[in-house]
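These notes are about the structure you will find just below.
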Amino acid sequence: MPTFSPEMNTLLMFGSLLILLFLGFPLAFVLTGIGLLFGVSLFGLNYAGAFILAFLSTMKNYILLAIPLFVFMGAIMQYSDVSDRLFGTVYVLFGKLRGGLAITSNILSTIFAACTGVVGASVVTVGLLSMPPMLKRNYDKKLIAGIICAGGCLGVLIPPSIMVIVYGPAAGVSVGKLFMGLIGPGLLLSALYTLYIVVLTSIFPEAGPPISKEDLADFPWAKTKRGVALRVLSSLVAPLVIILAVLGTIFFGVASPTEAAGVGAAAAIALAFAYKKLNVKMLVDASDSALKTTCMILTMTVGAVLFVSTFMSMGGGAVVERFIMGLPFGKWGIFFLMFAVVTILGMFLDWIGIVLLIVPLFTPIAANLGFDPVWFSIMMILFLQLSYLTPPFALAIFYFKGICPPEITTMDIYKGVVPFIAIQVFAFTLCILFPGIILWLPSVSVTGW
């Protein structure tokens, strides 16, 4: 390969990346191939050993060990009876309100997000549970699609989030502090979703009719206050204890996120055993699901580490930093430019590729501009959540479309997610105006991880 300037090599690397992705090649192999090609061409055949180093550094990364543990914990929660019991309980508690089923779906998504950290599992599980009863009671189809897709995306924000475990090492920011900082924005979004449902169904009552007496008859335990209390204790308290145990150990500095993941996985198995759902088939299914997800994430990580290593070694990071810092937009203009780039990439790339490619470039720029690293990282994660809802590469929409019946069209789904995208932008604005929403909890936690 002819010798080019760092600026030209930067254009060639990213140009090759975009062309190969648009041709349909898998991102992990594209990243690996381009990283090796440019590395060997610029630094000689000995650079091929960088692939081995990237592989070993990923496999030996202690923080990334939390990924299979948290994914396994979520799979156990998904394959046990926890979600069904949760839905029935929250359904009875909130079903009498207008839009009660949609509120139930949102609350279940919030709780499930704190049990899985994976968007796909939340969208599919909550959708299969809440969509049929909402369709049966003639809920607005756009509201059904919107709340299930948006609620499932809370899995990115509410800890334990797999995205955070990948993002933290890439940005050099404490995973524990990111977990703590995301609790505020995650709960804020969940509350705003509920508020939207209440306002919408108050203006248009037909969009979300309340539960009927006939529906309540399907839940014999709901006939007495004692029965409701016992059901709440048996179905809500146990998952909440797991969530608090995982986050509490991180908050008080007792355990690292990786160790807390082990606690969560063990607690999920204990909960499945208590519900008498623990068996060999469930463990095999949960392990298989966790293995597939983990292999996908780590394979992508190896390719991205090699690509970024080559890019930085040839001076590409300095080229990007000089270009962005030289723009005449000011501090906040550059801030919004970086997030515009992330938004555009989110329409076409998986979040793993965005995190591993963009974060090492943007983090030092944000530091030079004076932004708090925890605050900036969480703002970036908030915006990355939009990639799950913004077409064409909108994974949450794809997940939902795979389980919804033909009467819910793709256009219904797109129209349904628009109000929730607006709510997310509103929450993003609030976090800019009131950074304490993000920074308060990390400031009082004692975690150093």
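Note that the coordinates shown come from a computational prediction; the quantities given were computed from them, not determined experimentally. Numbers for residues simply follow the sequence, beginning at 1.
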Task: side-chain contact (heavy atoms from CB on, under 4.5 Å) between Ile103 and Ile147, intermediate numbers included - done: CA-CA 9 Å; Ile103 294 174; Ile147 191 58; over 6 Å; no
Task: Steps toward side-chain contact (heavy atoms from CB on, under 4.5 Å) verdict (Phe420, Leu386) - done: CA-CA 10 Å; Phe420 292 93; Leu386 282 174; over 6 Å; no
TODO: Kindly determine whether Phe38 and Phe43 satisfy side-chain contact (heavy atoms from CB on, under 4.5 Å), including the steps that lead there.
DONE: CA-CA 8 Å; Phe38 278 78; Phe43 306 112; over 6 Å; no
TODO: For Tyr388 and Val123, run side-chain contact (heavy atoms from CB on, under 4.5 Å): C-alpha distance rounded to whole Å, both residues' side-chain angles, the deciding distance at 0.1 Å, then the answer.
DONE: CA-CA 11 Å; Tyr388 281 93; Val123 171; over 6 Å; no
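Ser190 contributes no side-chain N or O that, together with a main-chain N or O of Gly186, makes up a donor-acceptor pair within less than 3.5 Å.
Centroid-to-centroid, the aromatic rings of Trp440 and Phe434 stay 6.0 Å apart or farther. Under the 6.0 Å cut-off for aromatic ring centres, Phe335 and Phe329 do not qualify, their centroids lying 6.0 Å or more apart.
Side chains of Leu178 and Ser161 form no contact here, defined as non-hydrogen atoms less than 4.5 Å apart. Put simply, the side chain of Pro185 reaches to within 4.5 Å of the side chain of Ile438, judged on heavy atoms. Side chains of Tyr193 and Leu154 form a contact here, defined as non-hydrogen atoms less than 4.5 Å apart. Using a 4.5 Å cut-off on side-chain heavy atoms (C-beta onward), Ile76 and Leu283 make contact. Looking only at side-chain heavy atoms (C-beta outward), Asp412 and Thr409 come within less than 4.5 Å of each other. Under the 4.5 Å side-chain criterion, counting only non-hydrogen atoms from C-beta, Phe307 is not in contact with Thr32. At least one side-chain heavy atom of Phe179 sits less than 4.5 Å from a side-chain heavy atom of Ile165. Using a 4.5 Å cut-off on side-chain heavy atoms (C-beta onward), Ser287 and Phe72 make contact.
Heavy atoms from other residues, nucleotides or ligands lying under 6.0 Å from CZ of Phe426 number 12 at most. Within a 6.0 Å radius of CZ in Phe273, other residues, nucleotides and ligands contribute 12 heavy atoms or fewer. Counting non-hydrogen atoms of other residues, nucleotides and ligands closer than 6.0 Å to CG of Leu23 gives a total above 12. Around the NZ atom of Lys292, the shell of radius 6.0 Å holds no more than 12 heavy atoms that belong to other residues, nucleotides or ligands.
Summarising the geometry, atom OG1 belonging to Thr343 is positioned 12.0 Å from atom CE belonging to Met338; distances are rounded to the nearest 0.5 Å. Once rounded to the nearest 0.5 Å, the distance linking CD1 of Ile144 with CG of Leu101 reads 9.0 Å. Atoms CE and CH2, on Met380 and Trp375 in that order, are 10.5 Å from each other to the nearest 0.5 Å. The distance from the CG atom of Asn106 to the CG atom of Leu189 is 9.5 Å, given to the nearest 0.5 Å. Interatomic distance, OG of Ser105 versus CD1 of Ile148, reported as 4.5 Å (0.5 Å rounding). To the nearest 0.5 Å, atom CZ of residue Phe362 and atom CD1 of residue Ile354 are 10.5 Å apart.
Test Leu182, Asp372, Ile437, Leu439 against Ile378 for side chain to side chain contact (heavy atoms under 4.5 Å, CB included) and you get one pass: Leu182.
Between Ser377 and Ala171 the shortest heavy-atom distance is OG-CB, 4.3 Å. Nearest heavy-atom pair, Gly39 versus Thr310, reported as atom, atom and distance to 0.1 Å: N-CG2, 3.5 Å. Tyr167 and Val355 get closest at one heavy-atom pair: CA-CG1, 3.8 Å. Shortest non-hydrogen contact noted between Ala272 and Met282 is CB-CE, 3.9 Å. Cys153 approaches Gln385 most closely through the heavy-atom pair O-OE1, 3.1 Å. Across all non-hydrogen atoms, the minimal contact from Met379 to Cys431 is SD-CB, 3.6 Å.
Residues that satisfy the side chain to side chain contact (heavy atoms under 4.5 Å, CB included) test with Thr299, not counting sequence neighbours, are Ala28. With sequence neighbours excluded, the residues that form a side-chain hydrogen bond (donor to acceptor under 3.5 Å, both in side chains) with Asn368 are Glu321. Take Pro405 and apply the side chain to side chain contact (heavy atoms under 4.5 Å, CB included) test, not counting sequence neighbours, and it matches Met131, Leu135, Glu407, Ile408. By the ring-ring contact (aromatic ring centres under 6.0 Å, His included) test, Phe376 pairs with Phe339, sequence neighbours left out. Scored by the side chain to side chain contact (heavy atoms under 4.5 Å, CB included) test, Lys401 finds Cys404, Thr410, Ile413 as partners (sequence neighbours excluded). The side-chain hydrogen bond (donor to acceptor under 3.5 Å, both in side chains) check on Ser16 picks up nothing, with sequence neighbours excluded.
By the 6.0 Å and 45° rule, Lys142 does not stack over the aromatic ring of Tyr414.
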